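Inspection log for the structure reproduced underneath, given as structure tokens.
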Amino acid sequence: MRLLTHNMLSSNIKGVTNGFPLRIEVEKVTEKEVDFNPDFLRHMFPKIEWKALVDAGRTMGYNELPEEVELSMLDSDEFLRKFHHALLELHLEEGALVCPETGRKFPVNKGIPNMLLLEDEV
């Protein structure tokens with residue numbers, strides 16, 4: 001699971017009002033090279049919850065993203081490459097996503113998060 005995916009997921013358990021961001025529990029992280037596309041990154045940037053991305057990256061051992069960002073940083077090739085690596089090349093292969101409100105764990109196996117709810121959670 002890429003951090004791009006993580007940044008878009010939230011817990012939809014009945015009664016949960018703050019299901020984002022899901023906390024990551026890491027068992028295995030891999031890196032998979034992806035072609036660099038600065039236009040895609042500039043397009044995605046406004047849709048990304050930055051603090052959640054930075055925290056998720058750090059949980060997965062990547063500490064190269066700055067705490068604060070400005071739109072002018074999108075003109076920096078160095079910044080875009082770090083953003084690209086965190087967003088698209090880091091993969092949570094094995095672990096779990098944890099609801100920040102209930103503590104419910106959603107397993108991640110072979111890079112695929114299982115966000116299915118139990119009957120009493122719907």
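In this text the structure is predicted, and so the values were computed from the model without any measurement.
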Requested in this report: Sequence neighbours left out, what passes side-chain hydrogen bond (donor to acceptor under 3.5 Å, both in side chains) with Glu119? Give chain and number order.
Outcome: none
**Report entry** 4.5 Å side-chain heavy-atom contact, Asn109 and Asn114
**Finding:** no
Query - Heavy-atom pair of closest approach, residues Met1 and Pro113 - result: SD-CG, 3.9 Å
Query raised in the report: Above 12 or not: heavy atoms from other molecules or residues under 6.0 Å from CG of Asp77?
Result: yes
Query raised in the report: Quick one: ring-ring contact (aromatic ring centres under 6.0 Å, His included) pairs with a partner in residues 14-40, sequence neighbours left out?
Result: Phe36-His84
Query raised in the report: Between the main-chain N or O of Lys110 and the side-chain N or O of Glu94, is there a donor-acceptor pair closer than 3.5 Å?
Result: yes
Report task. Compare every heavy atom of Leu74 with every heavy atom of Arg42, then report the nearest pair and how far apart it is. Result -> NE-O, 3.0 Å
Requested in this report: Report whether Leu92 and Val98 are members of the same hydrophobic cluster (ILVMFWY, side-chain heavy atoms less than 4.5 Å apart, transitive linking).
Outcome: no
**Report entry** Leu87 CG to Met44 CE distance, which is reported to the nearest 0.5 Å
**Finding:** 6.5 Å
Query raised in the report: What ring-ring contact (aromatic ring centres under 6.0 Å, His included) pairs are there with at least one residue in residues 101-122, not counting sequence neighbours?
Result: none
Query raised in the report: Do Val34 and Arg2 come close enough that some side-chain heavy atom pair is under 4.5 Å?
Result: yes
Query - side-chain contact (heavy atoms from CB on, under 4.5 Å) assessment of Leu22 paired with Ser11 - result: CA-CA 7 Å; Leu22 296 167; Ser11 175; 4.0 Å; yes
**Report entry** Pair listing, salt bridge (Lys or Arg N to Asp or Glu O under 4.0 Å) test, anchored in residues 13-29, at least two apart
**Finding:** Arg23-Glu25, Glu25-Lys105
Query raised in the report: Can you get from Leu90 to Ile112 by hopping between Ile, Leu, Val, Met, Phe, Trp and Tyr side chains that sit under 4.5 Å apart?
Result: no
Query raised in the report: Using 30° and 60° as the class limits, which term best fits the ring planes of Phe79 and Phe45: parallel, tilted or perpendicular?
Result: perpendicular
Report task. Any chance you could measure His6, atom NE2, to Asp55, atom CG, to the nearest 0.5 Å? Result -> 9.0 Å
Requested in this report: Before accepting this row, confirm whether a basic side-chain N of the pair Glu89/Lys82 lies closer than 4.0 Å to the acidic partner's carboxylate O.
Outcome: no
Query raised in the report: Nearest 0.5 Å, what's the CG-CG distance between Leu80 and Asn37?
Result: 10.0 Å
Query - Same apolar cluster: Met73 and Leu71, side chain cutoff 4.5 Å - result: yes
Query raised in the report: Going by heavy atoms in the side chains, are His91 and Met60 under 4.5 Å from each other?
Result: no
Report task. Supply the atom-to-atom distance Leu4 CG to Lys47 NZ, rounded to the nearest 0.5 angstrom. Result -> 10.5 Å
**Report entry** Rounded distance [0.5 Å steps], CG in Leu9 versus SG in Cys99
**Finding:** 12.0 Å
Requested in this report: Output all residues satisfying salt bridge (Lys or Arg N to Asp or Glu O under 4.0 Å) with Glu68, sequence neighbours left out; order by chain, then residue number.
Outcome: none
Query raised in the report: Got Met115 and Leu97 here, is their nearest side-chain heavy-atom distance under 4.5 Å?
Result: yes
Report task. For Arg104, check side-chain hydrogen bond (donor to acceptor under 3.5 Å, both in side chains) against everything at least two apart and list the hits. Result -> Glu121
**Report entry** Geometric class of the His85/Tyr62 ring pair [parallel <30°, tilted 30-60°, perpendicular >60°]
**Finding:** tilted
Requested in this report: Quick one: closest heavy-atom pair of Glu101 and Gly15, and the distance?
Outcome: OE2-O, 3.6 Å
Query raised in the report: Are Val16 and Val122 connected, step by step, through hydrophobic side chains (Ile, Leu, Val, Met, Phe, Trp, Tyr) whose heavy atoms are closer than 4.5 Å?
Result: yes
**Report entry** Under 3.5 Å: donor-acceptor pair, side chain of Asn7, backbone of Glu49
**Finding:** yes
Query raised in the report: Do Ile48 and Phe83 have side chains that get closer than 4.5 Å, going by heavy atoms?
Result: yes
Query - Qualifying residue for side-chain contact (heavy atoms from CB on, under 4.5 Å) with Thr59, from Leu3, Val29, Ile24 - result: Ile24
